[in-house]
A.B. asks: 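This is the structure I want to talk about, given as structure tokens.
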There are 2 protein chains.
Amino acid sequence: MERFVSSFRNKVDGKGRVSVPAVFRSVLARQGHSVLYAYPSPGAPALDCGGERLIGEVSALLEGLPPYSDERDLLSVELFGRCEELKVDGDGRIVLPDDLRTHAGIESEAVMVGLGHKFQIWEPGRFEARRAESVKRVGELRSLLGRERPGDA
Amino acid sequence: MERFVSSFRNKVDGKGRVSVPAVFRSVLARQGHSVLYAYPSPGAPALDCGGERLIGEVSALLEGLPPYSDERDLLSVELFGRCEELKVDGDGRIVLPDDLRTHAGIESEAVMVGLGHKFQIWEPGRFEARRAESVKRVGELRSLLGRERPGDA
DNA sequence: TGGGTTTTGATGGGATAGCATGGTTAATAA
DNA sequence: TTATTAACCATGCTATCCCATCAAAACCCA
């Protein structure tokens, strides 16, 4: 497969391990190695996850800024400094580091939602709330789908 | 690994020794030998660190400035003049020289944060303040991130 | 189409190796 | 020697690996 689609609700065990859905793993594998990058979603209590492609986009963004500018160093702290490189183990699982778990409020279960070029990890309750909200807004935004937007892949 | 990502909080012992996070060491190793260059971060109470690649970038940056110009001489003094070449010992540790420690205000603990092409060393308290600042900035500049919006779900 | 079989994926627990860290000894310089 | 720095062990913790179990979906063959 090419994009992250669909969503899954998996257990987080006592060691902080979660299974990465098999279909997501196959998307990652297609991008190269079985590594996964995760960082707090800017502006949401969730985690943004993706493979080499996602981290490449972030890199490109930051490298476009002048070296030693405050802008670049500050953004890097948030985007790279809070980013974790998670190795997918032989059983298809990752370990969620504590600070990322805290950011998303994740305890014993996690929802993983495909968003195309990346996927997000949510605490199930918060995800429900967010989804209820987005159902409403999708109605409002439907007209956007009818025309092409610049920058869309 | 390819870039410095994630952050770590390590102890500084009585001799000034700190462990370089294993993942950072592997990035350095990929760039050649296990040497690490460190100098005061221009404009911040922290230390900029990296391997051969970083020092190469600094050289290129300086060589792009007009020879004998004030800005070139001043930057050279600041970046090269205060730069230390630190050897990573067999246990993966470095010794932080006193003047660098003083510049960063580091006492018994240090935060090491990956910024992609380099990483920084901070005194934990000061880093917290810095991070708060970066969260704010990311919020302001989220439009830079293109399609990555809080309403993405 | 239905029932049984096989394969794949998710989850739990225990063994193991890697890492951060403290301390001790050896080497070097003043 | 005496002070300082570098190499060498030693330990406890945590993440990583491996194996076992279980559920579910895909498959196959009447």
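So you know, we letter chains A, B, ... as the sequences are listed, proteins then strands, and number each from 1. Just so it is clear, the values below take in all heavy atoms, side chains as well, and ignore hydrogens, waters and symmetry mates.
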A.B. asks: Between the protein and nucleotides 11-13 of chain D, list every N/O to N/O distance that falls short of 3.5 Å.
C.D. replies:
none

A.B. asks: Using the test side chain to side chain donor-acceptor pair (under 3.5 Å), find all partners of B/Tyr37 that sit at least two apart in sequence or belong to another chain.
C.D. replies: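 In terms of side chain to side chain donor-acceptor pair (under 3.5 Å), with neighbours along the sequence ignored, B/Tyr37 is linked to no residue.
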A.B. asks: Give a yes or no on whether a salt bridge exists between B/Arg93 and B/Asp91, defined as a side-chain N under 4.0 angstrom from a carboxylate O.
C.D. replies: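 Looking at B/Arg93 and B/Asp91, the cut-off is met.
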A.B. asks: For nucleotides 19-25 of chain C, read 5' to 3', which letter fits each nucleotide if B means a protein heavy atom sits under 4.0 Å from the base, S means only the sugar-phosphate is that close, and - means neither?
C.D. replies: SSBBBB-
A.B. asks: Does any N or O in the side chain of A/Gln31 come within less than 3.5 Å of the main-chain N or O of A/Glu52, such that one atom is a donor and the other an acceptor?
C.D. replies: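 Confirmed, A/Gln31 side chain pairs with A/Glu52 backbone.
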A.B. asks: Decide yes or no for B/Leu61 and A/Tyr68: does some side-chain heavy atom of the first lie under 4.5 Å from some side-chain heavy atom of the second?
C.D. replies: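 B/Leu61 vs A/Tyr68: side chains touch.
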A.B. asks: When you look at CZ of B/Arg25, are more than 12 heavy atoms from neighbouring residues, nucleotides or ligands closer to it than 6.0 Å?
C.D. replies: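 Atom CZ in B/Arg25 is crowded, with more than 12 foreign heavy atoms closer than 6.0 Å.
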A.B. asks: Are B/Lys136 and B/Glu133 within salt-bridge range, i.e. N to O under 4.0 Å?
C.D. replies: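 Salt bridge between B/Lys136 and B/Glu133, a charged N being under 4.0 Å from a carboxylate O: no.
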A.B. asks: Find the distance A/Ile94:CD1 to C/dG9:P and express it as a whole number of Å.
C.D. replies: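 Between P of C/dG9 and CD1 of A/Ile94: 17 Å.
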A.B. asks: Nearest-Å distance, CG (A/Asp89) to P (D/dA15)?
C.D. replies: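 It is 13 Å, rounded to the nearest whole Å.
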A.B. asks: Any donor and acceptor pair, going by atom type alone, linking the side chain of A/Ser19 with main-chain N or O of A/Gly92 inside 3.5 Å?
C.D. replies: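 The answer is no, because no donor-acceptor pair under 3.5 Å joins these two groups.
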A.B. asks: Considering only residues two or more places apart or on different chains, which pairs with a residue in residues 38-50 of chain B satisfy salt bridge (charged side-chain N to carboxylate O under 4.0 Å, His left out)?
C.D. replies: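 Every salt bridge (charged side-chain N to carboxylate O under 4.0 Å, His left out) pair that includes a residue of residues 38-50 of chain B, provided the two are not neighbours, is B/Asp48-B/Lys118.
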A.B. asks: Taking only heavy atoms on the protein side, list every residue of residues 99-120 of chain B lying under 4.0 Å from any atom of DNA chain D, sorted numerically.
C.D. replies: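 Heavy-atom contacts with DNA chain D come from no residue of residues 99-120 of chain B; none.
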A.B. asks: With salt bridge (charged side-chain N to carboxylate O under 4.0 Å, His left out) as the rule and sequence neighbours excluded, what pairs involving residues 59-79 of chain B come up?
C.D. replies: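 Every salt bridge (charged side-chain N to carboxylate O under 4.0 Å, His left out) pair that includes a residue of residues 59-79 of chain B, provided the two are not neighbours, is B/Glu78-B/Arg82.
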A.B. asks: Between B/Phe24 and B/Phe8, what is the ring plane arrangement, given parallel below 30°, perpendicular above 60°, and tilted in between?
C.D. replies: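 Plane angle over 60°, so perpendicular.
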